[in-house]
Every structure is written in structure tokens, then in C-alpha cells.
There are 2 protein chains.
Amino acid sequence: MDAVDRQILELLASHARTPVSEIARQVGLSAAPVARRIERLERAGVIKGYVAVLDEGKSGRLEAFTEIRLHGDTDSAEVSELLRHLPEVRQYFTIAGDPDAVVRIVVSDVGHLQRVVNAMRRTGKVAGTKTLIVMDSWSRQPIEPRAH
Amino acid sequence: MDAVDRQILELLASHARTPVSEIARQVGLSAAPVARRIERLERAGVIKGYVAVLDEGKSGRLEAFTEIRLHGDTDSAEVSELLRHLPEVRQYFTIAGDPDAVVRIVVSDVGHLQRVVNAMRRTGKVAGTKTLIVMDSWSRQPIEPRAH
DNA sequence: GGTGAAAGAAGGAAGAG
DNA sequence: CTCTTCCTTCTTTCACC
């Protein structure tokens, strides 16, 4: 992984739909080697995926972070696997320290939120949770006006 | 916003690089109206942007969440604006309750982390912080093997 | 890493329901 | 007013240098 790879990652991290040809222009290479580099970074797991950042509030949904504390004898990998089966859990983060994990969840309303948190507790692996409800958010680099 | 819009959002939320033609196939429309719907959703701010999800550890970097508590007289929009100027802050979430905000940050090492947290405190708006260091993470729907 | 050709996708215009 | 069907242009992908 060299400076060009890092430059490509930087561009994709903020604008995942940028055409390879445009990335190539910006890093000073032709399109073919850039496509090869991106494919290599995907296979190596450096790029885990490409996602659209949504304003969940505008589609009438509720976004939240839930901090999870595990029982002393529980492996976090075990819980990570269990929570993969809850479709409301969009992202899972294993944390060093307290809490043990944080998940980002998207639900339709507070009743739904409660059901999801209860489902997490019912795994028997979770000692406690604390849920942070998101009111507003931004991520670096919004959508640019389209070129014409 | 109808059922087709929601279906499009669902697809883009997990696979942001899916071609419009493929989305069209999955929702049962032709490509042109799907493209117009996506453009409309972007303009309405429902789609805020497209980002690559990276394994920061594999590029030798450190990912963390910092929870921020504000002084009683501080508006969260004010802090949101100040933190936009820190390039290490990738995402900002305004929270209902305690803490007041959460940011996702990416830094090169713990020294860098300390400098960023100090920079947040030096704004004078921040009453306290708690930083959660990410050891591992997943997001729903990883990269698929490419079609041939 | 670059080149060139073939396949595929995007964006725009015209027309049907 | 929204979807469809072309059509043109740009992008991606692949074999090869």
C-alpha cells in the first residue's frame, strides 16, 4: 500500500460513486491501474463496502447508537455474530474498554426501537445497554451539484 | 416518497456502487426513471452522500468514537460547525440526551488522537469527552465477488 | 503501468399511456 | 406526470505490450 492507494482510499471514503476514470485523473494514472488497485484493496478487505449515507429522519425512521456491555465471560465475536441476524443493526463496532460494543441501528419508531433493544438483551450475552438517539448528523463531503 | 423509493434507498444503503441499470432491474422499472428518482432523493437530502467503508486498522490508522458533553449554554449547531474544520472528524451526530453529540474520528496513532481530542476541548464549548476506540467493525452487506 | 477495443452504463430527447 | 425506448457519450473491463 503506497501513497497512491491512500489517495484512492481518501477519495472513495468521501465520494464512493466517483468514476474510476475521474479518480485516475486526480491521482495522475490511467484508469486501468486504478481499477486494478481498487479491486486489490477490496479483496484485501481494506475497502469493506460502499454505502449511501441517508437522512433516516426524512424517510420517517429513527437512527440510534446502542452501547452494549457484555457479561464477563462473553466473547465479543459471539455477540457480533448474533447481532448480524437483526436487520435493524446496520453497523457493529467492537470497542476497547467500556462499553464492549456499539451498534448503529435504524428503526421505524420508538416501539420498534424497544423491540430491537429487547432482542439484543434476550441473547443472554448482554449485561446492559445504553441507547443514544440521533437527532441530526452530517458526514464529511456531501453530494456535489452535478456537472453539466 | 413511495415504496419504490424506499426500495432504492434500501439497495443504495448497502451497495452504493450498484449501477442504476441493476437497481432498475431489481425494482422493476427501466433505468431512466430510477436515475431521476435517485437525483430527486439526493436533492431532497434524503441521500446525503456515498462513502466507502474502510478497515482503518489495515491502513495503519485508528478509528474512534468521541462522546461530547457541552456546556449548558452551548447550541449543538455551533459545535457541529466548529468540528467541521477538523479533518479527522468524519461524521458528527447530534444526540437527544446524554451525551450531546458523538463524532466518529480517524487518526494515525494515539498521539494524534490526543491532539484531536484536545482540539475539540480547546473550542471552549465542550464540557467533557469520552473516547471509545474501535478494535473491529462490520457493516451490513460486504463487497460481493464481481460478476463476469 | 499504459493502450486500444469491446461491452456496458449514464444522460438526454421524443413519445405512449 | 411518470415510464419507456432509443441514441449518443462516457466508463469499465480485458487482453496484450
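Worth saying up front: this structure is predicted, and the values here are computed from it rather than measured. By convention in this document, chain letters (A, B, ...) are assigned in the order of the sequence lines, proteins followed by strands, and residues within each chain are numbered from 1.
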Sugar-phosphate only, base, or nothing, as touched by B:Arg40 at under 4.0 Å among non-hydrogen atoms: nothing
Listed partners of B:Arg25 passing side chain to side chain donor-acceptor pair (under 3.5 Å), at least two apart: B:Glu22
A:Arg36 (side chain) and C:dG2 (base): donor-acceptor pair under 3.5 Å: yes
Remaining members of the apolar cluster that contains A:Val51, side-chain heavy atoms under 4.5 Å: A:Val53, B:Val51, B:Val53
Rounded distance in Å - CD (B:Glu39) to P (D:dC3): 14 Å
B:Leu11: side-chain contact (heavy atoms from CB on, under 4.5 Å) partners, not counting sequence neighbours: B:Ile23, B:Gln26, B:Val27
Residues touching DNA chain C, which here means a heavy atom under 4.0 Å, drawn from residues 5-14 of chain B: none
Close approaches to DNA chain D from residues 16-23 of chain B, in residue order (heavy atom, under 4.0 Å): none
Rounded (10°) bend between the five-pair end axes of the helix from C:dG1-D:dC17 to C:dG17-D:dC1: 30°
Show which side-chain atoms of residues 99-112 of chain B pair as donor or acceptor with protein atoms under 3.5 Å away, not counting sequence neighbours.
from	atom 1	to	atom 2	distance (Å)
B:Asp100	OD2	B:Leu70	N	2.8
B:Arg104	NE	B:Gln91	OE1	2.9
B:Arg104	NH1	B:Glu63	OE2	3.1
B:Ser108	OG	B:His112	ND1	3.1
B:Asp109	OD1	B:Gly111	N	3.0
B:Asp109	OD1	B:His112	N	2.8
B:His112	ND1	B:Ser108	N	2.9
B:His112	NE2	B:Glu88	OE2	2.6

Qualifying residues under side chain to side chain donor-acceptor pair (under 3.5 Å), relative to B:Asp5, sequence neighbours excluded: B:Arg37, B:Arg40
Of all pairs that satisfy ring pair (Phe, Tyr, Trp, His ring centres under 6.0 Å), the ones with a partner from residues 51-73 of chain B, not counting sequence neighbours: A:Phe65-B:Phe65, A:Phe93-B:Phe65
Contacts of type side chain to side chain donor-acceptor pair (under 3.5 Å), residue A:Thr129, not counting sequence neighbours: A:Arg121
Exam field: side chain A:Lys58 to backbone B:Ala44, donor-acceptor pair closer than 3.5 Å: yes
Co-members of B:Leu82 in a cluster of I, L, V, M, F, W and Y side chains, linked at under 4.5 Å: none
Distance, rounded to the nearest Å, where A:Leu29 contributes CG and C:dG2 contributes P: 5 Å
Summary of ring pair (Phe, Tyr, Trp, His ring centres under 6.0 Å) pairs that have at least one residue in residues 1-45 of chain B, sequence neighbours excluded: none
